[in-house]
Amino acid sequence: MASDPGLLRLAAGLRTVGAIALTLAVLSLFGASVSHLVAGAISAMVATFAIREKQRGPQAVTLALGLPVALVSVTLAALLSTRTIAGDLFFVALIFSAVYGRRFGDRGTALGLVGFQVYFMSLFVGVTRESLPGYWGAIAVAFACSATARFALVPQTPAGILARLRHAFRARLAQLIDAQVELLDAGPDEVEKALAQVRDGTARLHETAMMIQGQLEEGTRDEATARLVQRRIADAEIAAERLGLLLLTARSAERADTLTLHLPGAPVPEGGHLPVREEATDVLRRDLRALGLLVRQPVADGTGLAQVRNRLLGYRDEENLPSASPPVQDVFRGVGEAARAVLGLRIALDGPQDESDDSPETARSREELDAEDAAIGGAEEEGEAAEEPKGLRRPTTRAAVQVALGSSLAILAGELLSTQRWYWAVLTCWIVFINTASTGEILVKGYRRLLGTVFGVVAGIGLAALVGHHTWTAFAVVLLCVFAMFYTAPLSYTLMSFFVTAALGVLYTLLHTYSLSVLLLRVEETALGVVCGVVAAALVLPVRTDRRTNELLTTVLDRLTDVTSAAVEQLSGGAPADLLDRARDLDQALADLRAATQPLTHPVTPLRARRDTAQYVVALLETCAYHARSLAATAELLPSHPSIAADPRLRGAGQRILHNVGAIADRVEDEHSTAEVQTGPSIASLLKPTTRTPPGYARVTDRVLRHLQRLDEAVTGLARPLSVPVAQDPG
């Protein structure tokens, strides 16, 4: 459950394999030939993976529309099979239309995929006019079997996916707590590995939270439920990340920087190589493990677990903290806050709990959670829709032109290598443009496809030798490869390409066209397709990696400004806003930037300094996102939490941060900008507690100031790698 959140990869693999197996079974009952079996299998695979809608109704409509598209595609392929020039021109036009169709959403993307892949299948199996009726039947059977697999054999609903994602979130949260226990005890030689595990666990937990965010709208019965789940997931994620930071601080000579959890290979803070050596360490270790147990097991399993929960929640009161150094006491406080987040998560996901064994501290936590739940409303987000680019500036149009010209090159060059197998170059050129937006991304994807193809050819040779011409054994091997292809696709494009090529080696054997030269030609055509794709992307309406990353970086900074300004305004007494949605928009923008920087951070890149800079900038932005997310979560508690009050002075304290974010954004957009980053006294020093400040607010106010201070430091830290001038502090 933790390794495959929502079981999405497992379902995709089983659904595709089920559709193919059912198609083969039905076609074999009618005595179909091997070529018809292969065509049916490929069509079933395409009809299954092309559908991207989340709701079953739209999925059925797209599948129904896909069948006539597939029949038209295979018919035109057969009619043009003897007219080389006309066939090539139509193939290029089809490729352009398929890519351009992405602008019409998931349905346009799916129908484009069906049209292209079925045309490719026709070239692969050699469909002719005389054999066309048989292939019509095979395709119709394939679509019917795909529908059966999707809606009957491996059904999925948004609500079911969301439920499994919530289980995955719990599992990953428990794994992160286990990693934090290891970090507490790690010796000098083990601390780097333990920190890496905490870093990886934190990233995996955040990934699952974002997946849940993507399913909330369709997977919940109403907006109030969606916002409640979103709130509790955010609370648990923030509490777990904060607990990791507090543990690092307890091991360190000074407070740990959030950057330590976000920058791969970041060193352990000074003094942090020695484990915590205090009398309270054994109690802390026990309570961390108990926290992990609360995440894994429902409290209803026994009174003992309820007592454990009561003890952990008791750490939210100062008088219940064990005798220890201040940093270790902070960890106990973090355990108490994490236990409260787990309690809120369980109530939101599982409904009301047994309250018979509650301690006063637990009852108080429940009251706070109930007040928060009642205060969660549907604050409407107001904003103007971003203006969509026109003409060739529109991404779908630009990509369609690029892939059409690249495919034309691939056809011309591919036919020089082979007049029979040239379509492999076209397929590769098409694939490297899918889900890519810059020349660098296309280059990295092409490299991964070529690498997977080379190793897949070796595997294909071995598999072809093993199965020989045993038809059903060969199809069984193909099904295993298809399952592995879909199961590994989100993890590694190289692995996916490996399994595709291995399966093709077996299919060539079934079609009696296998030879070592054919598989080697596959590698050559793949390399040629990569080259054509990169050339088209670099020379035709190019989007440089630097331009793409700068655009996304500006978007991240804009989202950071939105979250921070709204959170500070609300903490200062302003009107409530939809803060968590804004925070998740920031997270999504940051995820897009992280993906776009892969060409810069790839291990094979020769520009080491540039790679380190890109990793450092992304890590700093992740640090900013964590603190902004924490500020947003705290601000949303204002209407209901008894120990949080608005402080108008925060509005002035946040102005420097917002100015600096804007200055960095101006510099990224225009390198000639004269905007400067401002420095000054610590934000915490600007807001001294007054005699009128109620004592209950002190710790929450201190936490808000700490997040603002860390956010200020992280934003200022962005100035150096992004070459933004820093104004001298006049004081």
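As the structure is a computational prediction, the values presented were derived from the model and not from experiment.
Under 3.5 Å, the side chains of Q230 and D581 contain a donor-acceptor pair of N or O atoms. Under 3.5 Å, the side chains of S359 and T362 contain a donor-acceptor pair of N or O atoms. Checking R172 against T208 by side-chain atom types alone, a donor-acceptor pair falls below 3.5 Å. In summary, the side chains of E441 and S438 do present a donor paired with an acceptor at a separation below 3.5 Å, with no hydrogens or angles considered.
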- Task: Start with the C-alpha gap between L705 and Q709, add the side-chain angles, then the distance that decides, and say whether side-chain contact (heavy atoms from CB on, under 4.5 Å) holds.
- Result: CA-CA 6 Å; L705 291 177; Q709 178 64 34; over 6 Å; no
- Begin with the C-alpha distance, continue with both residues' side-chain angles, and end with the deciding distance and a verdict on side-chain contact (heavy atoms from CB on, under 4.5 Å) for I347 and R366. CA-CA 9 Å; I347 293 173; R366 287 191 191 276; 3.7 Å; yes
- From CA spacing to verdict: salt bridge (charged side-chain N to carboxylate O under 4.0 Å, His left out), E182, K193: CA-CA 9 Å; E182 295 295 326; K193 179 180 178 181; over 6 Å; no
- Message: Walk me through whether R548 and D592 qualify under salt bridge (charged side-chain N to carboxylate O under 4.0 Å, His left out).
- Response: CA-CA 10 Å; R548 171 70 174 164; D592 293 340; over 6 Å; no
- Message: side-chain contact (heavy atoms from CB on, under 4.5 Å) for L284 and V335? Distances and angles first, verdict last.
- Response: CA-CA 9 Å; L284 180 57; V335 170; 4.2 Å; yes
- Criterion side-chain contact (heavy atoms from CB on, under 4.5 Å) on Q197 and Q175, from CA distance to verdict: CA-CA 10 Å; Q197 290 176 338; Q175 289 179 341; over 6 Å; no
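Annotation: the span from E237 atom CD to Y626 atom OH amounts to 10.0 Å, rounded to 0.5 Å. Between L711 atom CG and N660 atom CG the span is 10.0 Å, to the nearest 0.5 Å. In this structure, CZ in R346 is found 9.5 Å from CZ in R309, a value given to the nearest 0.5 Å. Here the straight-line distance linking atom CZ of R582 with atom OG1 of T561 works out to 11.5 Å at 0.5 Å rounding. Summarising the geometry, atom CD1 belonging to I233 is positioned 11.5 Å from atom CG belonging to L580; distances are rounded to the nearest 0.5 Å. Going from atom CG of L288 over to atom CG of L184 covers 6.5 Å, rounded to the nearest 0.5 Å.
Looking at D330 and T249, their side chains never come closer than 4.5 Å, going by heavy atoms from C-beta outward. Considering only heavy atoms from C-beta on, I161 stays 4.5 Å or farther from L7 through its side chain. A 4.5 Å side-chain heavy-atom check between V661 and T564 finds every atom pair outside the cut-off. Under the 4.5 Å side-chain criterion, counting only non-hydrogen atoms from C-beta, D562 is not in contact with L586. Here the side chains of H206 and R629 are in contact, with some heavy-atom distance below 4.5 Å. Two residues are said to be in side-chain contact when any heavy atoms from C-beta on lie closer than 4.5 Å; Y447 and L443 fail this criterion. Annotation: side chain of T220 is in contact with side chain of L216 (closest heavy-atom distance under 4.5 Å). Counting heavy atoms from C-beta outward, L259 and Y616 have side chains that approach closer than 4.5 Å.
The two residues P188 and V191 come nearest to each other via the heavy atoms O-CG1, 3.6 Å. A633 and D235 make their closest contact through CB-OD1, 4.3 Å (heavy atoms, listed as atom of the first residue, atom of the second, distance). Residues P269 and S252 come closest through the heavy atom pair CB-OG, 3.3 Å. Summarising the geometry of V444 relative to P599, their closest heavy-atom pair is CG2-CA, 3.6 Å, with the distance given to 0.1 Å. Taking each heavy atom of A348 and L228 in turn, the nearest pair found is CB-CG, 4.0 Å. Heavy atoms only, all atoms of each residue included: A338 and A239 are closest at CA-CB, 3.8 Å.
Electrostatic pairing of E713 and R706 does not count as a salt bridge here, judged by no charged N lying under 4.0 Å from a carboxylate O. By the 4.0 Å N-to-carboxylate-O rule, E318 lies close enough to R333 to be salt-bridged with it. Ion pairing between D358 and R364 fails under the 4.0 Å rule for side-chain N and carboxylate O. With salt bridges taken as basic N to acidic carboxylate O contacts below 4.0 Å, none links E361 and R311. Ion pairing between a basic and an acidic side chain is recognised when a charged N comes within 4.0 Å of a carboxylate O; D350 and R170 show such pairing. With respect to the salt-bridge test (charged N to carboxylate O, under 4.0 angstrom), the residues R559 and D587 do not qualify. Checked for salt-bridge contact, R285 and D282 meet the test: a charged N lies under 4.0 Å from a carboxylate O.
A donor-acceptor pair under 3.5 Å links the side-chain atoms of R251 to the main chain of A186, judged by distance alone. E190 contributes a side-chain N or O that, together with a main-chain N or O of G187, makes up a donor-acceptor pair within less than 3.5 Å. A donor-acceptor contact shorter than 3.5 Å links the side chain of S492 to the backbone of L495. Between the side chain of T623 and the backbone N or O of A619 there is at least one donor-acceptor pair closer than 3.5 Å. Between the side chain of D200 and the backbone N or O of A196, no donor-acceptor pair lies under 3.5 Å. For R286 (side chain) and T281 (main-chain N/O), no donor-acceptor pair under 3.5 Å exists by modelled atom type. At least one donor-acceptor pair closer than 3.5 Å links the side chain of R9 to the backbone N or O of S3.
Taking the six-membered ring wherever Trp is involved, the centroid distance between the rings of Y315 and F332 falls below 6.0 Å.
Under the side-chain contact (heavy atoms from CB on, under 4.5 Å) test applied with V668, the options T554, V724, L552 reduce to a single match, T554. The side chain to side chain donor-acceptor pair (under 3.5 Å) test with S365 singles out one residue from R316, E337, R340, and that residue is R316.
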